[in-house]
*Asks:* 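The structure is given below, and queries will be raised subsequently.
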2 protein chains.
Amino acid sequence: MTPATAKKLSFKQQQLRFREDAILDAVNRLLSRKGFDLMTMDEVAAEVGISKASLYKHFESKEELAAASMTRLLEQTLDHAHSLAAELSPLKRLKAVMRWAVTAHLDGAMPSLPSTRSNIQHALIGYAPYAERVGQLTELLGGWILQAQDTGDLSPDLPGEVILYTIYARSCDPVSDFLKTGGAFTDDEIVGYVERTCFNGITGSPDPVA
Amino acid sequence: MTPATAKKLSFKQQQLRFREDAILDAVNRLLSRKGFDLMTMDEVAAEVGISKASLYKHFESKEELAAASMTRLLEQTLDHAHSLAAELSPLKRLKAVMRWAVTAHLDGAMPSLPSTRSNIQHALIGYAPYAERVGQLTELLGGWILQAQDTGDLSPDLPGEVILYTIYARSCDPVSDFLKTGGAFTDDEIVGYVERTCFNGITGSPDPVA
DNA sequence: GTCTATAAACCGATAGAC
DNA sequence: GTCTATCGGTTTATAGAC
């Protein structure tokens with residue numbers, strides 16, 4: 001393979017990657033706005049600016065398209081989690097990940113967890129790259145939770161499962177959507193309320209400023 | 001109108017009411033299991049055991065059917081809330097309503113809140129009987145929340161809006177579905193965890209047994 | 001790879017017989 | 001009021017020209 005050919009191939013691959021990233025961006029927005037069941041392939045194609053047939057040249061089904069989008073989102077979440085300073089306490093790292101996710105959710109870039117009632121759930125768990133990322137994130141956050149329970153920063157008498165699912169669910173909490181629709185609060189305030197009610201409940205006091 | 005005629009009419013009306021209650025029961029189950037968008041009128045008819053055309057003799061559209069089901073559910077919620085002993089503190093009444101709702105949710109009788117991403121939301125708010133019940137429940141629970149904030153049982157520095165939406169959302173929390181799917185906990189344990197994390201957060205201690 | 005056009009399936013709603 | 005049969009519209013996915 002000559003350098004020229006290699007360059008041309010690489011350029012084509014870059015173009016392909018760029019186009020597919022644009023598609024996944026659109027899917028991400030539509031998934032956040034309407035959810036999997038209400039999102040149509042026509043809308044995706046229109047949002048990207050290509051035809052539906054071209055879309056199917058890149059992704060062979062609606063399920064695979066959504067799975068690719070969710071997988072990329074989990075990779076971004078893992079990247080953000082790994083980027084957190086090591087000197088932060090596990091509790092602060094968990095809070096930081098949650099704040100990041102809720103902020104993305106309010107920006108329309110974080111779809112809600114595929115609920116038990118959606119068609120996509122079964123397809124996702126059978127999609128290896130997605131399941132692998134879920135496992136990685138669960139392992140990472142699960143370790144932080146155990147550490148935070150050891151120091152008493154999180155309730156030691158609460159099953160780790162309950163804490164993990166609670167953090168996952170609060171990261172795309174419908175409460176933030178309702179508060180945003182109300183229009184009485186800024187996005188930062190909403191993120192603060194969701195974080196506070198998740199960690200301290202609605203009976204607890206706000207954390208003292210560090 | 002003769003007594004005989006009145007009796008016959010009443011009987012027919014009872015039959016009608018009974019049939020429509022059976023329809024709403026089926027809608028309630030399907031709404032809990034699949035949500036509005038994935039529920040089909042064919043399924044509803046099949047679950048009740050009548051034909052789709054007959055179904056349309058009772059309710060003139062899918063939206064009205066869902067609205068009637070949700071309205072009845074809100075009435076049942078209001079009935080339960082009003083039945084609570086007056087000597088209970090506002091906080092305990094709020095917790096009781098939430099436990100009741102989560103229990104119903106785990107039994108497949110409490111559909112999730114119509115999310116912002118569903119087609120049904122706009123139809124519901126334009127459906128007067130539904131909107132009226134939502135207003136009544138919000139007024140009732142909102143009053144309890146204010147009282148609980150006055151006594152310090154709920155955080156006084158949290159907007160009532162945030163507390164109300166949080167209680168609403170936690171009443172059909174997906175966390176309970178995930179925990180139930182896991183199979184490691186009984187329904188009572190799950191209800192307890194959801195209540196505790198809602199009111200005390202994941203950092204707080206369990207409430208001492210009264 | 002991109003397009004237009006279309007196939008195949010599904011769903012909400014209705015017509016018309018009984 | 002209940003049924004069977006069907007319409008009209010939408011959606012996923014593909015065929016075939018360029």
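A, B, ... follow the sequence lines: proteins, then strands. Residue 1 opens every chain. The model shown is predicted, which means the values in this text are computed figures rather than measured ones.
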*Asks:* Check every atom of D:dT2, C:dG12, C:dT2 against the side chain of A:H58 and return the nucleotide holding the closest atom.
*Replies:*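 Selected nucleotide (nearest to the side chain): C:dT2.
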*Asks:* When you check the phosphate oxygens OP1 and OP2 of D:dT2, does a side-chain N or O of B:S51 lie under 4.0 Å from one of them?
*Replies:*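 For D:dT2, OP1/OP2 do not have a side-chain N/O of B:S51 under 4.0 Å.
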*Asks:* When you get a sec, tell me which of C:dA13, D:dT14, D:dT12 is the closest nucleotide to the side chain of A:A53?
*Replies:*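 Of all the options, the side chain of A:A53 is nearest to D:dT14.
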*Asks:* Among the candidates C:dC3, C:dG12, D:dC3, find the nucleotide nearest to the side-chain atoms of B:M41.
*Replies:*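 Side chain of B:M41 sits closest to C:dG12.
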*Asks:* Measure from CG on A:L38 to P on D:dT12 and round the result to the nearest Å.
*Replies:*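 Interatomic distance, CG of A:L38 to P of D:dT12: 10 Å.
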*Asks:* Kindly point out which of D:dT2, D:dT12, C:dG12 is positioned nearest to the side chain of B:K62?
*Replies:*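 So the side chain of B:K62 is nearest to C:dG12.
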*Asks:* Which angle, to the nearest 10 degrees, lies between the helix axes at the two ends of the helix from C:dG1-D:dC18 to C:dC18-D:dG1, each defined by five pairs?
*Replies:*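 Rounded to the nearest 10 degrees, the bend comes out at 20°.
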*Asks:* Nearest to the side chain of A:K52, heavy atoms from C-beta on, is which of C:dC11, C:dT2, D:dA13?
*Replies:*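 That would be D:dA13.
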*Asks:* Name the residue from A:E20, A:R19, A:E64 that meets the side-chain hydrogen bond (donor to acceptor under 3.5 Å, both in side chains) definition with A:H58.
*Replies:*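 Of the listed residues A:E20, A:R19, A:E64, the side-chain hydrogen bond (donor to acceptor under 3.5 Å, both in side chains) partner of A:H58 is A:E20.
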*Asks:* Side chain of A:T40, heavy atoms from C-beta onward: which of D:dT11, C:dC3, D:dC3 has the nearest atom to it?
*Replies:*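 Ranking D:dT11, C:dC3, D:dC3 by closest atom to the A:T40 side chain puts D:dT11 first.
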*Asks:* Honestly, is B:K95 close enough over B:F199, meaning NZ or CZ under 6.0 Å from the six-membered ring centre and within 45° of the axis?
*Replies:*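 The answer is yes, since B:K95 meets both limits relative to B:F199.
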*Asks:* Pick from A:K34, A:R29, A:K52: which one makes a salt bridge (Lys or Arg N to Asp or Glu O under 4.0 Å) with A:E47?
*Replies:*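 Running salt bridge (Lys or Arg N to Asp or Glu O under 4.0 Å) over A:K34, A:R29, A:K52 with A:E47 returns exactly one hit, A:R29.
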*Asks:* Want to settle it: does B:E63 or A:R19 sit nearer the 5' end of DNA chain C, counting the closest nucleotide to each?
*Replies:*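 Counting from the 5' end, the first nearest nucleotide belongs to A:R19.
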*Asks:* Would you say A:Y56 reaches D:dT14's phosphate, i.e. side-chain N/O to OP1/OP2 under 4.0 Å?
*Replies:*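 Negative; the distance criterion is not met.
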*Asks:* Starting at atom CG of B:L55, determine the distance to atom C1' of D:dG1, rounded to an integer number of angstrom.
*Replies:*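 To the nearest whole Å, that distance equals 12 Å.
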*Asks:* Rounded to whole Å, please give me the gap between CD1 in B:I120 and P in C:dG12.
*Replies:*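 The distance from CD1 of B:I120 to P of C:dG12 comes to 12 Å, rounded to the nearest Å.
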*Asks:* Is any NZ, NE, NH1 or NH2 atom of the basic residue among A:D25 and A:R72 found under 4.0 Å from an Asp or Glu carboxylate oxygen of the other?
*Replies:*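 Result for this pair is yes, salt bridge flagged.
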*Asks:* Would you check, one step at a time, whether the test side chain to side chain contact (heavy atoms under 4.5 Å, CB included) holds for A:V162 with B:T197?
*Replies:* CA-CA 9 Å; A:V162 172; B:T197 55; 4.2 Å; yes
*Asks:* Nearest whole Å is fine: how far is C:dT14 C1' from B:D42 CG?
*Replies:*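 Roughly 13 Å, once rounded to whole Å.
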*Asks:* In whole Å, I'd like the distance from the CG atom of A:L16 to the C1' atom of C:dG1.
*Replies:*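 From A:L16 CG to C:dG1 C1': 10 Å.
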*Asks:* In plain terms, say whether A:K180 and A:D187 are close enough for a salt bridge, that is, a side-chain N and a carboxylate O under 4.0 Å apart.
*Replies:*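 Yes.
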*Asks:* Rounded to whole angstrom units, what separation is found between the CZ atom of A:F59 and the P atom of D:dT14?
*Replies:*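 After rounding, the reported distance stands at 15 Å.
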*Asks:* Output the rounded distance in Å from CD (B:E60) to P (C:dG12).
*Replies:*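 Rounding to the nearest Å, CD of B:E60 and P of C:dG12 are 16 Å apart.
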*Asks:* Classify the ring geometry between B:W100 and B:H80 as parallel (under 30°), tilted (30 to 60°) or perpendicular (over 60°).
*Replies:*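 Parallel, since the angle between the ring planes stays under 30°.
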*Asks:* Find the distance A:L65:CG to D:dA13:C1' and express it as a whole number of Å.
*Replies:*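 Distance check: A:L65 CG to D:dA13 C1' gives 13 Å.
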*Asks:* In plain terms, say whether A:D173 and A:R170 are close enough for a salt bridge, that is, a side-chain N and a carboxylate O under 4.0 Å apart.
*Replies:*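 Yes.
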*Asks:* So, does B:S54 get its side chain near the phosphate of D:dG1, meaning an N or O under 4.0 Å from OP1 or OP2?
*Replies:*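 B:S54 to D:dG1 OP1/OP2: no side-chain N or O under 4.0 Å.
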